[in-house]
Structure formats: C-alpha cells, structure tokens
2 protein chains.
Amino acid sequence: MDTPEGPPPERLRALPSRLTYGAALIANRIVDRAFAQAGIRRHHYSLLATLEEYGPASQAALGRRTGIDRSDMVATVNDLAERQLLERAPDPEDRRRNIITITPAGRRQLADLDRLLAAAQDEYLAPLSAADRQNLINLLTRLADHHGDKHN
Amino acid sequence: MDTPEGPPPERLRALPSRLTYGAALIANRIVDRAFAQAGIRRHHYSLLATLEEYGPASQAALGRRTGIDRSDMVATVNDLAERQLLERAPDPEDRRRNIITITPAGRRQLADLDRLLAAAQDEYLAPLSAADRQNLINLLTRLADHHGDKHN
DNA sequence: AGACCAACGTTGGTTTGGCCAACATTACAT
DNA sequence: ATGTAATGTTGGCCAAACCAACGTTGGTCT
C-alpha cells in the first residue's frame, strides 16, 4: 500500500482556473482530433469561417476578428492558399494590404468542417443537458465579455 | 468605412470549445501574473500543494496526481529543490525512486501562493455571483469527470 | 537460478499556440 | 514635406503538453 494512487488534491480539484483549463484541454483535444481528419487546425477553421461570414478582408482585419496574431496569420493564409481554399490578392486601393477571399473549394471544405466541429462539440458537452449547455455558454460568455477577451 | 472592425463571427462566438479555451486563456493569464510575483509557475504550485496535502511521494506518483508529465516533473522538482522549497532524497526501500518532501520554507511559500491564487480566482470570476461560480464549477467538474480528465 | 517485464528518473526532442520586436513598404495627416 | 501609423513578413521566444529512449532497479514467473 505505498502511495495508493490517490486522486488529485482538493486544493487543485475545485480551482476554477484549473477546471477551466482542464475543460479547455479536453475540448481542444476533441476538436483537434476532429479537424485532423481533414488535415486542418483550429486556426484554419477560424479563418475560413470568418471569411465566409464577413466576406473578403485584409489579413490584419482577419487577425483582429479571429484573434490570430498578424505573424501567425501569414502562415495560416499560406497553408490555405496552397490548398486553394482561399486566394490572396493585393488590394489595388491600398497596396499595403492583401485581400483574402474564400474560394468555392474553401466553402465546400468549410461545410465539412462545420459538420466535424458540431460533432466535436457534442462529444465535448456529452454529459450536459441542453439547458446545462446554454448555461455554460452564458457563464463563459460573461467571463469573456468582462475581461475584454483578447482571444476571439 | 472599409472593414469597420466587426466583432468576431457568430460561428465562432458561441462555440463551447472556443469559449472554454478563451476563458482558460484569461484564467491562466491572471494566475500566471499572480504567481509571477513569487517567481513561480503553475506547475510549481501544483507540486507544492500536492506535497502538502498528501505528504512525501515519489516523482512518478506526484506526476500522476498533478497531471504533470514525468519528464516535466524532473525540471519542476529541480527548480523547487534549488530554492529549498522541497527536498529530493533517494528512497531506501526502492532505489529507483526519489522521495520528494516539502520543506518548512516550502510550506511558507505555499501559504503565500494560496493567497495570491485566491485573489487571482476572484479576479477571474469577478463578473459572477457566488451561485454562478458554484454553477460553473459544477458544470466544468462534470465535464472533467465524464472525460476522465487527463489533466486533473 | 535465470529470464522477463514493468516502473522509475532522466535526457532530449517535437509540436502547438500565444506572443513580441523589427523591418520595408505604403498610406495618411499635419 | 515630414512624421506617424498601418500592413505583411521574418524570425524569434516561451510555456506546456507530449513522446521516445535509455540505464537502473524491482518484482514475477518458471
């Protein structure tokens, strides 16, 4: 009976920050696994979704809306441009900018990703009722709003 | 009026996995900032807290309880041993093991950290009532339990 | 006894994501 | 015109979660 493999310490178990992070790890693992089927990572999806929802935009603007850093955005756009899921074209009206536009193939891919993602959310939230899920969303949204959420 | 800086896309805003991760980023940022005052990172705290709560144990056992990987545990123990917050001694009964014991200085440090951490939790949860906080804890705990929580 | 296999600490490495700093180019305001 | 700001890009940092391998040691099994 040496070190009988106890559960994690009480001090840690009820810690909101830790619980949140733990849940985030679980959620991200599930989502990543789902996206991996399509050879895609979270950034890619965020970008495609934003493009479809807001239409073409510059990399900087897209970065602001998705929470992806300018520098990381470069690589993300590169990836998706290579696969022809979006197009990068210089803005004639402002030659500093690239205008990023989603392609038809991108939209098709996005539809697939949406399905995968929905399934992932469902797996993540499996133990919660619909009411619980809404409740969780509300609580987290309030936290994000209050803290000005750099992430988004 | 070009790209009037809209908010993040609807598709992403209500996504539970993303909300959770966003909240985790916020929480971790706050906690890290608090711990940084003491020159400490989250792993260090987890280890000290576990030691005080469960008493001396081997690195592997501690890793299992805190969710810290064996290899990362080495560095964590190194750090804290250097600062004399814990002691690493070979186990006479099993020479594969190191027995890690918290020192009095470690306990003192831990008390400080607990205060810092409590303040950090409060900052994180600021917009939520006591009932809301408990609610959030319950929901996240259910998620962790259901998914067998590698993190702990 | 010997032969296996499992656990331990350790080293070293990969990957991902969130960052920050700097730079040349271009736009804009004064 | 002169300075300030935004853009895309490169290159880098760091924490954290992992994984693979190794030599050492323990325990098991026959």
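A note on names: the letters A, B, ... follow the listed sequences, proteins ahead of strands, and every chain is numbered from 1. Just so it is clear, the structure is predicted and the values come from calculations on it, not from any experiment.
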Handout entry: Ion pair B/Arg29/B/Asp32, N-O distance below 4.0 Å
Key = no
Between atom [atom1] in [X] and atom [atom2] in [N], what is the gap in whole Å?
X	N	atom1	atom2	answer
B/Arg64	C/dA6	CZ	C1'	12 Å
B/Arg97	D/dG26	CZ	P	10 Å
B/Met73	D/dC19	CE	P	16 Å
B/Tyr21	C/dG17	OH	P	7 Å
A/Leu47	C/dG17	CG	C1'	16 Å
A/Leu86	D/dG8	CG	P	13 Å
A/Asp79	C/dT16	CG	C1'	13 Å
A/Leu25	C/dT16	CG	C1'	12 Å

Handout entry: Residues which pass ring pair (Phe, Tyr, Trp, His ring centres under 6.0 Å) with A/Tyr124, listed by chain and number, not counting sequence neighbours
Key =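 By the ring pair (Phe, Tyr, Trp, His ring centres under 6.0 Å) rule, A/Tyr124 matches no residue at all.
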Fill in the blank from the handout: CG of B/Leu140 to CG of A/Leu15, rounded to nearest 0.5 Å, is 11.5 Å
Exercise for the section: For nucleotides 21-30 of chain C, just jot down a letter per nucleotide in 5' to 3' order: B, S or -, based on protein non-hydrogen atoms under 4.0 Å. Expected result: -B--BBS---
Problem - Distance below 4.0 Å between B/His43 side-chain N/O and D/dA17 OP1 or OP2 - result: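 Answer yes for this pair, as a side-chain N or O of B/His43 is under 4.0 Å from OP1 or OP2.
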Handout entry: Contact nearer the 5' end of DNA chain C, comparing A/Arg41 with B/Asn98
Key =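 Taking each residue's closest nucleotide, the earlier one in sequence belongs to B/Asn98.
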Handout entry: With sequence neighbours excluded, residues passing side-chain contact (heavy atoms from CB on, under 4.5 Å) with A/Ser71
Key =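 With neighbours one apart ignored, the set is A/Asp69.
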Practice task
Apply salt bridge (Lys or Arg N to Asp or Glu O under 4.0 Å) to A/Asp112 and list each qualifying residue two or more places apart in sequence or on a separate chain.
Solution key: A/Arg115
Handout entry: D/dC18 base / B/Asp72 side chain donor-acceptor hit below 3.5 Å
Key = yes
Practice task
Please list all pairs passing the salt bridge (Lys or Arg N to Asp or Glu O under 4.0 Å) test where one or both residues lie in residues 52-62 of chain B, with sequence neighbours left out.
Solution key: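 Only A/Arg11-B/Glu52, A/Arg11-B/Glu53, B/Glu52-B/Arg107 qualify under salt bridge (Lys or Arg N to Asp or Glu O under 4.0 Å).
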Problem - Selection residues 118-133 of chain A - residue pairs positive for salt bridge (Lys or Arg N to Asp or Glu O under 4.0 Å), sequence neighbours left out - result: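 Of all non-adjacent pairs touching residues 118-133 of chain A, those that pass salt bridge (Lys or Arg N to Asp or Glu O under 4.0 Å) are A/Arg33-A/Glu123, A/Asp122-A/Arg133, A/Asp132-B/Arg142.
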